[in-house]
Novice: 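Questions regarding the structure given below will be posed in turn.
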Amino acid sequence: MNFQRVDVQTHAKINLTLDVLGKRQDGYHNIRSIMQSLSLNDRVSLTKTEGGISVECTHPEVPCGSSNLAFRAAQELKEAADVNYGVHIRLFKNIPVAAGLGGGSADAAAVLRGLNRLWNTGFDINKLREIGRRIGADVPFCLTGGTVLAEGIGEELTPLKPISRIWMVLFKPPFGVSTAEIYNAHDRLKRKYSQSTEAFLVEMEQRNIDTMVAAMGNALEETTADLYPEVANIISRLKARGVQKTFMCGSGPTVCAIAASRAAAERLKKEYTDFNGKIFIAYTVPRAQVFLKRERKKGGEGWKKGSLHL
Ligand code: ATP
């Protein structure tokens, strides 16, 4: 089919566990992590043009030039496919920026999948993953998502059985952090290796949600909390409130509090009217992306979820 425009709904990721194994020769870190797609999502709208690549974004802090990961994804795909087409990319951001929820990687993955359809490049998922890896370690995961064991720098993916829905409340402080800064501090402070991933995998075999939740954890949490006391404050306030499980998302600064149900998540959110940041309610979802179809509705336009074929 000849498309002029493609819209992709692309989902945030959360590291349910994150073990940092050590620094590699190339400066990256080997990790072991259970990565999971979340309901929180951006919409990426792609319109075919004659030549260049351009980006427009609803979020004032996101750069629109060649440092935007969506722009880089289009550039990499254009080079790999050797096509003359261009694209105008519009990013409708809902995933908080520099929050540890992989928003930039999710947008890049949506561009790869969307352009593969818009430009008719016909690459398979392995080729898209290979291109994605050049843009960022989390991009290959964001192409398919679900529940996955991620190793290497996060690009060696082993799909796991989908887990049942888990509700959570995400507390995003009013600042972002740089992933590189946190890893550098983690090395400087010589933090020890934590092993929450292995424990999670063992509990996963038993299919016991409570013990799986108990095994969740993040090796970078202590480092980010040392550098940004606001992260430590959020965690201690949640603990004092009786929340059983909290952990930081990725390199931070967002803190995740696990909730027993949607109602429990809403109650928790309501108690934080004085929170100096943004609070999101989210739940685990079994995939990272879906193509959207526009449909006319009474009172305006809406979106219908389409298929996910490449
Ligand atoms: P990760 O955990 O993968 O490092 P993150 O969720 O912490 O990612 P992002 O939201 O991806 O962080 O943003 C990290 C940086 O990348 C920000 O400083 C932002 O300016 C830049 N950036 C580039 N492209 C995008 C994009 N499409 N969406 C959001 N941020 C982007």
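All ligand and atom numbering here is 1-based and tracks the order in the structure. Values reported hereafter were calculated over all heavy atoms of this structure, with side chains retained and with hydrogens, waters and symmetry mates removed.
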Novice: Atom CZ in R165, atom CZ in R262: separation rounded to 0.5 Å?
Specialist: 8.0 Å

Novice: Would R241 count as a cation-pi partner of Y272, with NZ or CZ less than 6.0 Å from the six-membered ring centre and within 45° of the ring normal?
Specialist: no

Novice: Just by distance, do the side chain of T224 and the backbone of S251 share a donor-acceptor pair under 3.5 Å?
Specialist: yes

Novice: Side chains of R188 and T223: any donor to acceptor distance under 3.5 Å?
Specialist: no

Novice: Just to be sure I understand the cut-off, which residues have at least one non-hydrogen atom under 4.0 angstrom from an atom of ligand 1?
Specialist: K13, E61, V62, P63, S67, N68, L69, L91, K93, P96, V97, A98, A99, G100, L101, G102, G103, G104, S105, D107, D138, T179

Novice: Side chains of W119 and V87: does their closest heavy-atom pair fall under 4.5 Å?
Specialist: yes

Novice: Parallel, tilted or perpendicular: which one describes the rings of W167 and Y283, with boundaries at 30° and 60°?
Specialist: tilted

